[in-house]
Amino acid sequence: MKITLDADKCCAAGQCVLIAPEVFDQRDEDGVVVLLDAEPPAEQHDAVREAAAICPAAVIEVHA
Amino acid sequence: MTLSTAPAPLPVEPPSGCPFDPPAALGALRTEQPISKISLPDGSWAWLATRYADIRAILGDTRFSSDTTVHGYPLSGMTGGANTDNRGFIRRDPPEHTRLRRMVTREFMVKRVEALRPEIQRITDELCDAMERRAGQDVDLVEELALPVPSLVISLLLGVPYDDHAIFQRLTGTLLSRTVPDDERETARLELRDYLDRLVTAKEADPGDDILGRLIVEQQRTGEITHDEVAAFAALLLIAGHETTANMIGLSALTLMRDEESAERLRQEPALIRGAVEELLRFHSIIRNGPRRVATADIEIDGHLVRAGEGVVVAVASANRDESVFADADRLDVCRPNAQHHVAFGYGIHQCLGQALARVELQVVIGTLLRRFPTLRPAVPLEKIPFRTDMSIYGCHALPVTW
Ligand code: HEM
């Protein structure tokens with residue numbers, strides 16, 4: 001799995017951080033999403049897909 | 001535009017005897033006519049969306065504008081900050097919306113709010129101590145706990161003297177009411193504006209280490225925003241951060257008091273409270289008068305052409321009971337696996353800024369009530385509890401309890 005972000009669209013709702021805190025964080029200046037792990041291990045995949053599905057601004061793209 | 005049959009107004013009354021369910025008419029529309037029309041109080045009309053997928057499509061598409069000054073915005077029947085002069089970023093579009101929202105996003109990000117958890121717990125414990133001293137009497141849970149927790153927290157964050165809470169509780173109550181006459185609402189709006197104007201002036205002289213102080217030092221003094229824009233931030237954050245969480249606390253406490261099995265489960269396994277809060281947000285969906293948008297282009301939604309300049313009202317309470325997303329949607333299931341897919345906080349770039357804060361407040365208050373008041377119960381029968389069918393934010397006006 002490989003994750004890419006379109007962080008310009010991020011509205012800092014923070015839902016990805018709640019769902020997959022090992023993969024996503026928020027930057028201190030403005031809460032915009034930061035990727036901690038662009039190729040997370042298998043045990044994170046479900047959480048990452050969930051975060052992508054819930055993201056209100058459709059920022060998170062998951063590539064097989 | 002004339003219609004062959006005049007559309008009905010937005011349904012607001014819950015089914016009789018089921019105060020926790022959204023209006024039955026919304027459920028019927030969702031299955032039979034998911035995109036329909038409603039009439040607004042001034043005789044105009046707007047589209048009404050009731051299905052989860054359509055509502056995500058509308059709120060996720062910025063061609064549906066939040067700007068109340070765009071021609072055709074469905075203002076009629078709106079409460080709260082429906083005014084168009086000096087409105088907060090909730091009523092603006094990108095790029096202005098993005099610029100303004102990002103001035104405060106860090107204040108509400110997950111780690112900042114997590115760091116506040118001990119303070120929120122302390123506030124909750126003190127209010128619960130006061131309740132405990134009144135054991136044996138009926139206590140109004142709304143007055144004693146549900147309102148003061150979010151009110152104390154947002155006052156602290158903004159740097160608003162808590163002693164003033166009675167003023168803005170009264171004013172937001174009037175602003176959010178669907179039944180007060182327009183002129184009364186306008187008076188309340190002006191009164192709130194004057195109050196915030198004085199508050200911001202005082203903080204300009206002596207900005208504290210709080211959200212309004214930081215806005216003044218970092219944004220106003222550098223010329224990014226004006227005095228009036230600081231006041232607009234204050235109005236938005238006070239109103240949005242106040243009655244919403246309060247009503248969720250009241251409704252959540254009431255449903256858990258009536259569902260001993262779920263309550264016991266959460267007492268045994270407090271780790272389940274996080275998920276339970278998502279389910280309670282889904283189940284209660286307290287925002288009942290929108291969100292609203294106006295189309296800025298001709299856009300097809302589910303086979304209907306919404307033309308530029310036409311208004312749209314989305315019923316998040318209906319989306320959250322959509323069976324195609326939530327199995328057995330009318331049941332409260334505190335372990336529902338996909339509860340967080342709810343749209344109780346909206347969807348798209350305007351999705352609730354204060355959601356992390358609201359979640360922690362709810363987790364702390366519900367966890368504390370379950371632990372400290374295991375025998376808590378309503379002091380009056382359900383029919384005697386005054387539900388807020390007259391307000392844009394659903395909940396209970398009062399909730400007498402005993403233990
Ligand atoms: C359970 C409690 C809450 C619920 C159900 C709720 C719900 C919502 C909803 C549905 C929206 C979207 C409005 C739209 O799309 O037009 C929203 C926006 C907003 N909420 Fe909340 N809210 C809650 C608590 C809070 C709290 C505690 C704050 C704290 C300050 C807050 C601040 C805001 C702000 C500033 C916006 C505007 C965001 C924007 O336009 O970008 N809310 N809320």
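Residue numbers start from 1 in every chain, and the chains themselves are labelled A, B, ... in the order their sequence lines are given, proteins ahead of strands.
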Asks: Consider side-chain contact (heavy atoms from CB on, under 4.5 Å). Of B:His350, B:Gln355, B:Gln351, which one does A:Pro56 pass it with?
Replies: B:Gln351
Asks: Just give me the residue among B:Gln340, B:Glu114, B:Glu107 that pairs up with chain A most often, heavy atom to heavy atom, under 4.5 Å.
Replies: B:Gln340
Asks: Residues of residues 39-54 of chain A under 4.5 Å from chain B (heavy atom pairs)?
Replies: A:Glu50, A:Ala53, A:Ile54
Asks: Just give me the residue among A:Ala58, A:Gly31, A:Cys11 that pairs up with chain B most often, heavy atom to heavy atom, under 4.5 Å.
Replies: A:Cys11
Asks: Check whether B:Arg359 gets within reach of chain A through its side chain, its backbone, both or neither, counting any heavy atom under 4.5 Å.
Replies: side chain
Asks: Is the count of non-hydrogen atoms from other residues, nucleotides or ligands lying under 6.0 Å from B:Asp328 atom CG greater than 12?
Replies: yes
Asks: Pick one of side chain, backbone, both or neither for B:Arg102, based on which atoms fall under 4.5 Å of a heavy atom in chain A.
Replies: both
Asks: Give the interface residues of residues 13-30 of chain A toward chain B, defined by a heavy-atom separation under 4.5 Å.
Replies: A:Ala13, A:Gly14, A:Gln15, A:Val17, A:Leu18, A:Ile19, A:Asp25, A:Gln26, A:Arg27, A:Asp28, A:Glu29, A:Asp30
